[in-house]
Amino acid sequence: MIAYATSSSAMFAASHKNPLLSTNHTTTTTNRNFQIRCQRNLAPVEQRWMFTDSNFTGPDVWNKTWYPKAEDHVNTEKTWYVVDATDKILGRLASTIAIHIRGKNLATYTPSVDMGAFVIVVNADKVAVSGKKRTQKLYRRHSGRPGGMKVETLDQLQQRIPERIIEHAVRGMLPKGRLGRDLFTHLKVYTGPDHPHQAQTPIDLPIRDKRIQKQT
Amino acid sequence: MTRIRRGYIAWRRRTKIRLFASSFRGAHSRLTRTITQQKIRALVSAHRDRDRQKINFRHLWITRINAAIRERGACHSYSRLINDLYKRQLLLNRKILAQIAISNRNCLYMISNEIIKEVSWKESTETELPGE
């Protein structure tokens, strides 16, 4: 049932060379659309004597935790999601977006590698907040000079730059650091109902949170 | 008095340390006093992180298993899976489960379905026992 066993028997039927001693390119197909690529499963040079007469093939799955190769996180092959932010609670939406951008919903999650997807948010100016946050939530920024603190409420910011609200929320939920800044560039926020990414064929973001839609 | 050099004793000691720090960046591989300090820091980090490594990997496996299980549906979660594993007395550890989750997702779903079925069957039979 394990995919490696079938590939090993096929390889041994084909040739009697031990794959660990010779170059070999294998791809193990798994469930869903994900395919782990394992190329060059060679043993280190000083250890090849151990594998001369054994039938180990492929990487050591049970002793080395999987780490993604470069082919596993090419940006061109990542999924694109689209969300309509109309009447969705700001924080809950930002939380779901951040999880998908970081890749924590995937079994191939790695904290040091960008395995997440791209997320497009449309209708960003219609995002909803509960309570009195619309007039009371403050967005602060500082210009760096003394006395340079600028304070704005949520509705003022929404009239000026509506995208910044969602961007601010998601940025606070992504990791801070070099990787976090790269992850933030995978978020695309637009004010109107359309977006210029039709070529990437985005699919609808699956939202598991039941309380994300504002109760009117 | 003639001048007496101290010889090669200190030089030999420092060369060993220099070899250790030969791949460090900038002054950390060139200046003797800095090299001794950086070697000590490197060894301390390695010692502390060998213990952290076990913790970190376990966290990573747990996150991966959680992600793979939650894709099944709203009522599936890592905590319930582990609870069912213990009830069924299945000895698979998180490392193996995470590797199964990545390489062979169907297998993991088969395992989880089996233990959920078995656990729910056992619970339904236990409630029929008299004496409550």
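What's counted below: heavy atoms across the whole structure, side chains too, no hydrogens, waters or symmetry copies. A, B, ... follow the sequence lines: proteins, then strands. Residue 1 opens every chain.
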| message | Tell me the closest heavy-atom pair linking A:N105 and B:E71, and the distance in Å. | response |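 A:N105 and B:E71 have their closest heavy atoms at O-OE2, 3.1 Å.
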Output a table of donor-acceptor pairs, distance under 3.5 Å, between side-chain atoms of residues 52-67 of chain B and any protein atom two or more places apart or on a different chain; print 'none' if there are none.
residue, atom, partner, partner atom, Å
B:K54, NZ, B:R50, O, 3.1
B:N56, ND2, B:R52, O, 3.4
B:W61, NE1, A:T65, OG1, 3.1
B:T63, OG1, B:H59, O, 2.8
B:R64, NE, A:Y109, O, 2.8
B:R64, NH1, A:W66, O, 3.0
B:R64, NH2, A:W66, O, 3.1
B:R64, NH2, A:Y109, O, 3.1
B:R64, NH2, A:T110, OG1, 3.1
B:N66, OD1, B:R70, NE, 2.8
B:N66, OD1, B:Y78, N, 3.4

| query | Who are the side chain to side chain contact (heavy atoms under 4.5 Å, CB included) partners of B:K87, not counting sequence neighbours? | reply | B:N83, B:V119, B:E123
| field | Donor-acceptor under 3.5 Å (B:Q99 side chain, A:V61 main chain) | value | yes
Hey, can you pull the donor-acceptor pairs under 3.5 Å for the side chains in residues 162-183 of chain A, sequence neighbours left out?
residue, atom, partner, partner atom, Å
A:E163, OE2, A:T191, OG1, 2.5
A:K176, NZ, A:G172, O, 2.9
A:K176, NZ, A:L174, O, 3.0

| Which residues in residues 7-44 of chain B have any heavy atom lying under 4.5 Å from a heavy atom of chain A? | none
